[in-house]
A.B. asks: 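First, the structure itself, so that you have it in front of you.
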Amino acid sequence: MIRTEIRSLRAYYAPDADGMIKLDAMENPYSMPDTLQQQWAAFMAKQNINRYPDSNMFALRAAIAELDDLKPEQVLLGNGSDEIIQMLLIASDAGTCVVPTPSFVMYSLIARWLKRPVATVPLTKDFALSPRSVLQVCAREKAALLFLACPNNPTGNLWDTDTIAEIAHGFRGLVVIDEAYLAFSGRSHTHLIANNVIILRTFSKMGWAGLRLGYALGTVEMIAELNKVRMPYNINTLTDASARFLLAHYDVFLAQIRHIKKAREELSQALSSLNGVKVYPSQANFLTIRVPDADAIFNGLKQRKILIKNLHGSDVLLNNCLRISIGKREENTLLLQALKELLP
Ligand SMILES: *Cc1c(COP(=O)(O)O)cnc(C)c1O
């Protein structure tokens with residue numbers, strides 16, 4: 001009764017982080033300041049939860065569009081950007097979906113759920129992307145769509161602007177540029193928006209992971225098409241109201257992001273000075289490192305109540321790699337102390 005491909009999958013697993021220092025999921029470690037939290041709670045209390053949400057979400061889409069000087073009709077909202085990846089895979093032409101590897105796992109996972117063939121383009125050992133390889137695979141597969149995470153997860157690096165432009169101009173299918181880490185990279189690709197180029201964003205990494213709110217930016221025409229496969233009322237009333245409230249206080253979060261970026265540079269420096277640790281350049285809110293024995297370090301940190309992501313075994317290019325989200329300053333210090341004890 002259940003397809004064999006589905007039977008062979010494992011359900012999405014997030015480890016229990018109770019009582020742990022949580023550096024595994026690229027969350028913003030800071031909560032809202034108390035006074036803002038109270039104002040937010042008061043605003044939430046006024047929402048009419050007995051009614052269905054506004055199905056069009058025009059006010060929220062307008063507030064989001066304003067961030068990039070676009071029209072509200074160029075914004076499509078999703079219950080996390082994961083849901084938009086699903087909409088893109090549902091609505092796009094049949095045919096192969098191309099993804100660099102290693103990259104964000106949900107692209108190929110959702111493609112498999114939807115019976116879409118997937119072709120991969122391996123990164124170089126420095127995690128660079130060759131535009132020629134991408135275009136070759138797209139041509140060979142007569143591909144329908146392509147996902148490019150800029151910066152890439154789990155490697156943290158940002159592929160060259162020229163590489164992205166060359167691919168966006170050279171591939172006739174749908175190019176999805178995923179800017180989940182835009183707040184930390186500062187490099188946007190909205191100038192590339194075209195009928196075959198869609199930008200993907202999320203509020204998760206900049207501080208609102210619990211809201212589950214992602215969005216796509218595209219041409220008015222493309223967004224109208226994609227909107228046809230959006231579940232009615234996919235954004236709930238509390239998410240809508242919260243996001244509008246938080247956008248009105250955006251500067252608070254921008255200050256937190258500046259803090260996280262500074263901590264990223266400090267942690268990167270400190271990690272680089274440890275014996276046996278290679279730190280890869282990151283434009284995101286995490287650092288990917290290579291160590292002599294990733295399993296041992298991962299388990300040792302876990303025993304010390306620090307949770308990070310072990311990338312070892314997930315891709316040949318990620319042997320002995322670990323991914324560490326940037327935490328609060330004191331959390332980063334504890335991580336460094338623990339690593340000093342654990343490294344040979
Ligand atoms: C985290 C992440 C997402 C998913 O974000 P949600 O909005 O929380 O679903 C999408 N793309 C990349 C590259 C990510 O790292």
Side-chain angles (χ1 to χ4, degrees), residues 12-15 22-29 57 60 64 67 75-90 97-111 113 120-121 123 127 129 145-159 164 174-189 198-217 226 230-231 234-236 239-240 242-243 246-247 253 257 260 264 280 282-288 308-309 311 314-315 318 321 323-326:
Y12 187 82
Y13 165 79
K22 199 169 180 315
L23 304 177
D24 67 324
M26 286 83 80
E27 293 145 332
N28 174 340
M57 296 270 147
L60 177 55
I64 289 173
L67 298 172
V75 179
L76 175 78
L77 301 179
N79 191 332
S81 48
D82 288 349
E83 194 192 30
I84 300 191
I85 297 169
Q86 185 182 33
M87 291 186 227
L88 288 160
L89 282 158
I90 290 172
C97 166
V98 176
V99 287
T101 50
S103 189
F104 187 49
V105 291
M106 295 310 288
Y107 308 143
S108 50
L109 190 58
I110 300 173
W113 297 348
T120 57
V121 185
L123 303 181
F127 306 142
L129 181 66
L145 83 166
L146 163 68
F147 287 97
L148 298 173
C150 301
N152 191 37
N153 171 15
T155 59
N157 60 323
L158 188 55
W159 297 314
I164 304 306
L174 192 58
V175 181
V176 183
I177 302 177
D178 185 345
E179 296 181 350
Y181 301 95
L182 172 70
F184 307 95
S185 76
R187 196 182 90 195
S188 156
H189 303 81
I198 300 267
I199 309 290
L200 203 56
R201 300 257 184 93
T202 178
F203 287 118
S204 297
K205 312 293 155 76
M206 60 159 291
W208 315 339
L211 284 188
R212 303 303 298 132
L213 184 64
Y215 60 97
L217 300 174
L226 291 168
R230 184 174 60 83
M231 282 288 172
N234 65 329
I235 307 302
N236 70 70
T239 295
D240 172 28
S242 299
L246 296 173
L247 284 169
F253 300 92
I257 286 160
I260 295 167
R264 173 183 74 197
Y280 288 93
S282 169
Q283 297 295 314
N285 61 344
F286 62 86
L287 291 169
T288 300
I308 62 166
K309 174 81 177 176
L311 301 172
S314 63
D315 189 290
L318 297 172
C321 285
R323 189 187 66 195
I324 303 167
S325 308
I326 309 300

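Atoms within each ligand, like the ligands themselves, are counted from 1 in listed order. In this text the structure is predicted, and so the values were computed from the model without any measurement.
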A.B. asks: Please verify the inter-ring angle class for Tyr181 with Phe286; under 30° counts as parallel, over 60° as perpendicular, anything in between as tilted.
C.D. replies: perpendicular
A.B. asks: Yes or no: does Lys205 have any heavy atom under 4.0 Å from an atom of ligand 1?
C.D. replies: yes
A.B. asks: Between the side chains of Asn153 and Arg323, does any donor sit under 3.5 Å from an acceptor?
C.D. replies: yes
A.B. asks: Take every heavy atom of Gly214, measure it against each atom of ligand 1, and state whether any distance is under 4.0 Å.
C.D. replies: no
A.B. asks: What protein heavy atom lies closest to atom 3 (C) of ligand 1? Include the residue and the distance to one decimal.
C.D. replies: Phe104 CZ, 3.4 Å
A.B. asks: Counting distance only, does the side-chain N/O of Thr288 pair as donor-acceptor with the main-chain N or O of Pro154 below 3.5 Å?
C.D. replies: yes
A.B. asks: What class does the angle between the rings of Tyr215 and Phe203 fall in, given that below 30° is parallel, 30 to 60° is tilted and above 60° is perpendicular?
C.D. replies: tilted
A.B. asks: Between Asn153 and ligand 1, which residue portion shows a heavy-atom distance shorter than 4.0 Å: side chain, backbone, both, or neither?
C.D. replies: side chain
A.B. asks: Compare all side-chain heavy atoms of Leu246 with those of Trp208 and state whether any distance is below 4.5 angstrom.
C.D. replies: yes
A.B. asks: Does the Asn234 side chain pair with the main chain of Leu77, one donor and one acceptor, at a distance under 3.5 Å?
C.D. replies: yes
A.B. asks: State if Tyr181 counts as touching ligand 1 under the rule of any non-hydrogen atom under 4.0 Å.
C.D. replies: yes
A.B. asks: Using a heavy-atom cut-off of under 4.0 Å, does the side chain or the backbone of Ser81 touch ligand 1, or both, or neither?
C.D. replies: both
A.B. asks: Report the part of Arg212 (side chain from C-beta onward, or backbone N, CA, C, O) that has a heavy atom under 4.0 Å from ligand 1; answer both or neither where that applies.
C.D. replies: side chain
A.B. asks: Counting N and O atoms only, with roles assigned by atom type, does the side chain of Asn28 sit under 3.5 Å from a partner on the main chain of Ala209, one being a donor and the other an acceptor?
C.D. replies: no
A.B. asks: Go through ligand 1 atom by atom and flag the ones less than 4.0 Å from a non-hydrogen atom of Ser204.
C.D. replies: 6 (P), 7 (O), 8 (O)
A.B. asks: Write out the residue and atom name of the closest protein heavy atom to atom 12 (C) of ligand 1, then the distance separating them to 0.1 Å.
C.D. replies: Asp178 OD2, 3.4 Å
